[in-house]
J.: 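Structure below; questions to follow.
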Number of protein chains: 2
Amino acid sequence: MAKEKKAPRPKAQTPKGFRDYFGAEVTERSDMLRAIAGVYHRYGFEALESSAVETVEALGKFLPDVDRPNEGVFAWQDEDESWMALRYDLTAPLARVYAQHRNDLPLPYRRFAMGPVWRNEKPGPGRFRQFYQCDADTVGAASVAADAEICAMLSDTLEVVGIPRGDYLVRVNNRKVLNGVLEAMGVADEGQQAAVLRTIDKFDKVGEAGVRELLGKGRLDASGAYIDGVGLSDAQAEPVLAFLTSKGADAAATVANLRAAIGSSQIGAEGVDELEEIGALLAAQGYGSDRIEIDPSVVRGLGYYTGPVFEAELTFEILDEKGRKRQFGSVAGGGRYDDLVKRFTGQAVPATGVSIGVDRLLAALREKGRIGSTVQGPVVVTVMDKARMADYQAIVSELRNNGIRAEVYLGNPKNFGNQLKYADKRNSPVAIIEGGDEKERGVVQIKDLVLGAKLAQDATLEEWKERPSQYEVPRSEMIAKVREILSQWQSQPSSSNEVPEGTRE
Amino acid sequence: MAKEKKAPRPKAQTPKGFRDYFGAEVTERSDMLRAIAGVYHRYGFEALESSAVETVEALGKFLPDVDRPNEGVFAWQDEDESWMALRYDLTAPLARVYAQHRNDLPLPYRRFAMGPVWRNEKPGPGRFRQFYQCDADTVGAASVAADAEICAMLSDTLEVVGIPRGDYLVRVNNRKVLNGVLEAMGVADEGQQAAVLRTIDKFDKVGEAGVRELLGKGRLDASGAYIDGVGLSDAQAEPVLAFLTSKGADAAATVANLRAAIGSSQIGAEGVDELEEIGALLAAQGYGSDRIEIDPSVVRGLGYYTGPVFEAELTFEILDEKGRKRQFGSVAGGGRYDDLVKRFTGQAVPATGVSIGVDRLLAALREKGRIGSTVQGPVVVTVMDKARMADYQAIVSELRNNGIRAEVYLGNPKNFGNQLKYADKRNSPVAIIEGGDEKERGVVQIKDLVLGAKLAQDATLEEWKERPSQYEVPRSEMIAKVREILSQWQSQPSSSNEVPEGTRE
């Protein structure tokens, strides 16, 4: 018996946790990234596209001390045995790029970056192992003016992509204030500090009373499990609670509350001063608390960042999976981190930045109906006679040269019904028909497919008769008639049938 | 002695063969991709962004029959031991996507895709392991109208991105004609066919006489080495030479020459008919031989494709590294390939497409001076008094709100010279200065840095006095004066200082 065996057919699917993006999913994201890049550019930020692949060494965190450093990142060995990995965010690459090119880059260096990142994590529903990030960072500026600028830019960005003022809030907190609070509490032990940090991270979920319990003796979970507490006395826990709930009626009141919470801590006072200065700088540019506010209840990222921390939240309500109302929540976050570059150079370099969750922001715009309505397809030129393909190509070419998105049907033209089904699948607004008879008489038939579909759905017989959805026009009037029909069914600009500015011939 | 040792600092560099892209390198490419997407969209093509990571199985070619399938691709194992890899082109993913989603996709399916691909190859000068591709393909259309459409679209695309008519040529050939020629020669043995294919692949380099030698007895290389020939008789070799040199004064002459070359071969006649039909379809749309022509000397890709083959060449001359004139050469190629999807589904699906070498096209535009001239930086607002940062933020905010790209200096402001050096490094056209004195008098100083640099370089003392490069204007006239200066030094749109349309507030 021969040893030959037929290779089984490969499965046509992405690896687990990966997906493809089609049509409007791609163009809506690219339009959004372009709009964001416009704002970043106006603020003086420069584009950077770093390599998708980094040495594992440069990524840090994931050193190859095990056989395969595949925790969190996708990694493999090069021919010379060195480990490479796909970047898992855009911040670690920035630190590497800045350390590598610092002699050629301006100081401070403002850069933005947008692109996919990869996480070697367990995929789940809506949780993918490749997704987009869109970051802006300023490296080498110690002044909180850099932080204020990022907040202002974040606010502008949200409005430019379509979130109106009032539907979002940029909230600012400061890690140094928390450090001051820890000092005021007399919690100097690092382990205990970390436990306090972990606890306040749950503030969003368990609220003031919950944090109070967790800082003290512990707490009975909703599931009935008992969660051990940090073991602080009520008096010791007080400054943290004061910090988390210090938001006052206005910025001045908040600042006064914070000063009370930090007691005599010097680092705490520095943090409060920074928040005050950020507030003043933003006020000078006209950003009031309707757009950006100091809010000490922002706890996300307090463990990671070293100074100011920002978060952008969308404040409108949506219905969750269970039909309950809830706020849309966070779409961007960032803050000051002053020691990433030091890993490479030994020198601390101040840095601050923000990362926008592009996919969440797109989801928010879809939720609000700002994007994602039915996208119009191209005008379809049908093929009545295969031998006259040149005529149809001439028609489609004329449409395109007039800035109208159009295509000729390229499948088997035998069955005309299939051509209309195709136009339907393509969401075409218009079909053009030129049979032998039309050709002879110098006319074309123009089918208004949107109206046709509407009539098929709702119309009475009278309406049907009154509003024909097919028109015969002289060949020379084709463009004008198509334009007239398209102008009625125009959808939003990004998905419209007209070719974008600057790409017309 | 404690076992503790300090980890060495990581090296700040990309893995071998990878690089970063800065500023205009990123925006010029993204502007070009957007312009290309505009053309593809107008032709009815839909965007597709497939996952960067594929199963090795789906990529084909590189099956995991060795321990690590790292030949040509970057691959690694998932937790369940299955192999994944970075895509090495955009065609293999298209085949997978089409096979996976064929029930939901229109038929024919026109799609475009743009993005990085990765090759696990030895890097070299100018040869990177990550680079961009930009493809358009039509899946499911057997008609050569689909091929003609791709050629027309390629021609439009080159003109839209800035290659004027006359500076490029799309050349079309057909693999079936070559098959006919092989039939006419009586070369039926697959090994010998492959040898002929390899030989004509050298036509570009060794010319007609060289190919004649290589098809026969062999040839003495320029290096003095003797290259064995295929061993065909002169008479047998004749049809191939006739094929390669069959380009006539016009399309009709070329077609007549081709018909002679293929003798009575049926597949050859089919190929010639297809070329003739493509020519007729393009002529009907007004594409003459100044844009697209039948050229049987196009040999690149003839081994890979199954029908029509296209190549876009830039015909203008550049100087090579040694200062010799040569044509810029190929920037895009494609053709018909009818069996990629079959791997997955068992069913042959006709497909045709083109891939544009984005980086080569960018290099060509740089060569022609169309992009890459010095890119203007933002207006820089200098900081004269750290305590008045709010004033400077207000100035920069006003500039931005008027659509002017601007930033405030965020480094240590102590040394004013450093601020001007920074503005110089940023290529700023204008610096704004507002000291305490100016503030009091309600004015600002506006430095025209472009003029300043020009004067510093060329001006006589008289000119220097006559044309001051610094102006004092009332604060209320700042925007108008900045605009006036910018309008003189405007560079090309993509790098201009004005914010792109649609991103202004």
Side-chain angles (χ1 to χ4, degrees), chain A residues 9-10 12-15 18-23 26-27 35 38-39 41-42 44 46-53 55 57-58 74 76 84 96-97 99-100 106-108 130 141 143 145-146 160 280-281 284-285 343-344 378 389-390 393-394 397 400 405 407 410-411 422 425-426 499-500 503, chain B residues 9-10 12-15 18-23 26-27 35 38-39 41-42 44 46-53 55 57-58 74 76 84 96-97 99-100 106-108 130 141 143 145-146 160 280-281 284-285 343-344 378 389-390 393-394 397 400 405 407 410-411 422 425-426 499-500 503:
Chain A
R9 276 188 206 139
Q13 54 192 34
T14 49
F18 292 89
R19 57 161 294 195
D20 307 309
Y21 296 83
F22 294 88
V26 179
T27 50
V39 179
H41 181 263
R42 186 173 46 174
E46 293 292 334
L48 168 67
E49 184 170 330
S50 67
S51 154
V53 180
T55 65
E57 186 189 0
F74 293 109
W76 64 90
M84 299 192 269
R96 192 266 305 155
V97 167
Q100 182 174 350
L107 180 71
Q130 171 180 336
S143 159
V160 162
L281 291 172
Q285 296 172 73
R343 286 185 56 235
F344 295 100
M389 187 55 99
Q393 293 282 10
S397 181
R400 286 181 197 133
R405 187 182 189 207
E407 53 173 55
L410 282 181
Y422 172 83
K425 191 149 200 171
R426 296 289 280 123
V499 174
T503 58
Chain B
R9 277 187 206 141
Q13 54 193 34
T14 50
F18 291 89
R19 57 162 292 195
D20 307 309
Y21 295 83
F22 294 87
V26 180
T27 50
V39 180
H41 181 263
R42 185 173 46 172
E46 293 292 335
L48 167 68
E49 185 170 329
S50 67
S51 153
V53 179
T55 66
E57 187 189 0
F74 293 109
W76 64 89
M84 298 192 271
R96 192 267 306 155
V97 167
Q100 183 173 350
L107 179 71
Q130 171 179 335
S143 159
V160 162
L281 290 172
Q285 296 173 73
R343 286 185 57 234
F344 295 100
M389 187 53 100
Q393 293 282 9
S397 181
R400 286 180 196 134
R405 187 182 190 206
E407 54 174 54
L410 282 181
Y422 172 84
K425 191 148 200 173
R426 296 289 280 122
V499 174
T503 57

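These numbers come from a predicted model, not from an experiment. The sequence lines fix the lettering, A, B, ..., with proteins before strands; numbering per chain opens at 1.
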J.: Is there a donor-acceptor pair under 3.5 Å between the side chain of Arg426(A) and the backbone N or O of Gly44(B)?
T.: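 Here the side-chain-to-backbone pair exists.
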
J.: Could you check which of Ala99(B), Pro106(B), Ala58(B) has the highest count of heavy-atom pairs closer than 4.5 Å to chain A?
T.: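 Sorted descending by pairs with chain A, the first entry is Pro106(B).
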
J.: Which one of Ala390(A), Pro10(A), Ser51(A), Ala394(A) has the most heavy-atom pairs closer than 4.5 Å to chain B?
T.: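 Ranked by heavy-atom pairs under 4.5 Å with chain B, first place is Pro10(A).
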
J.: Listed by chain and number, what are the side-chain hydrogen bond (donor to acceptor under 3.5 Å, both in side chains) partners of Gln393(A), not counting sequence neighbours?
T.: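 Here the qualifying residues are Gln285(B).
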
J.: Taking the side chain as C-beta and beyond, is there a heavy-atom pair between Arg400(A) and Arg405(A) under 4.5 Å?
T.: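 SC-SC contact between Arg400(A) and Arg405(A) ruled out.
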
J.: Among Pro15(A), Gly411(A), Ala52(A), Ser143(A), which has the most heavy-atom pairs under 4.5 Å with chain B?
T.: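 The answer is Pro15(A).
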
J.: Quick one: what part of Met84(B) sits under 4.5 Å from any heavy atom of chain A, side chain, backbone, both or neither?
T.: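 Answer is side chain: those atoms of Met84(B) sit under 4.5 Å from chain A.
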
J.: Counting heavy-atom pairs under 4.5 Å with chain B, which one of Ala145(A), Ala146(A), Ala280(A), Ala141(A) comes out on top?
T.: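 Maximum pair count with chain B is reached by Ala145(A).
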
J.: Heavy-atom pairs under 4.5 Å with chain B: which of Leu107(A), Val97(A), Val53(A), Thr55(A) has the most?
T.: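 Top option by heavy-atom pairs under 4.5 Å: Val53(A).
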
J.: May I ask you to say whether Lys425(B) pairs ionically with Glu46(A), meaning some side-chain N is under 4.0 Å from a carboxylate O?
T.: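 No salt bridge links Lys425(B) with Glu46(A).
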
J.: Name all residues meeting the side-chain hydrogen bond (donor to acceptor under 3.5 Å, both in side chains) criterion together with Gln100(B); count only those two or more places apart in sequence or in a different chain, and write none if there are none.
T.: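 For Gln100(B), the residues satisfying side-chain hydrogen bond (donor to acceptor under 3.5 Å, both in side chains) (neighbours in sequence not counted) are Arg96(B).
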
J.: Report yes if some heavy atom in the side chain of Thr14(B) is under 4.5 Å from a heavy atom in the side chain of Gln130(B); otherwise report no.
T.: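 Thr14(B) vs Gln130(B): side chains apart.
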
J.: Tell me, out of Ser50(A), Ser397(A), Pro108(A), Ala284(A), who's got the most heavy-atom pairs with chain B below 4.5 Å.
T.: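 The answer is Pro108(A).
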
J.: By a 4.5 Å heavy-atom criterion (distance strictly below it), what part of Tyr422(B) contacts chain A: side chain, backbone, both, or neither?
T.: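 For Tyr422(B), the side chain is the part near chain A, not the backbone.
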
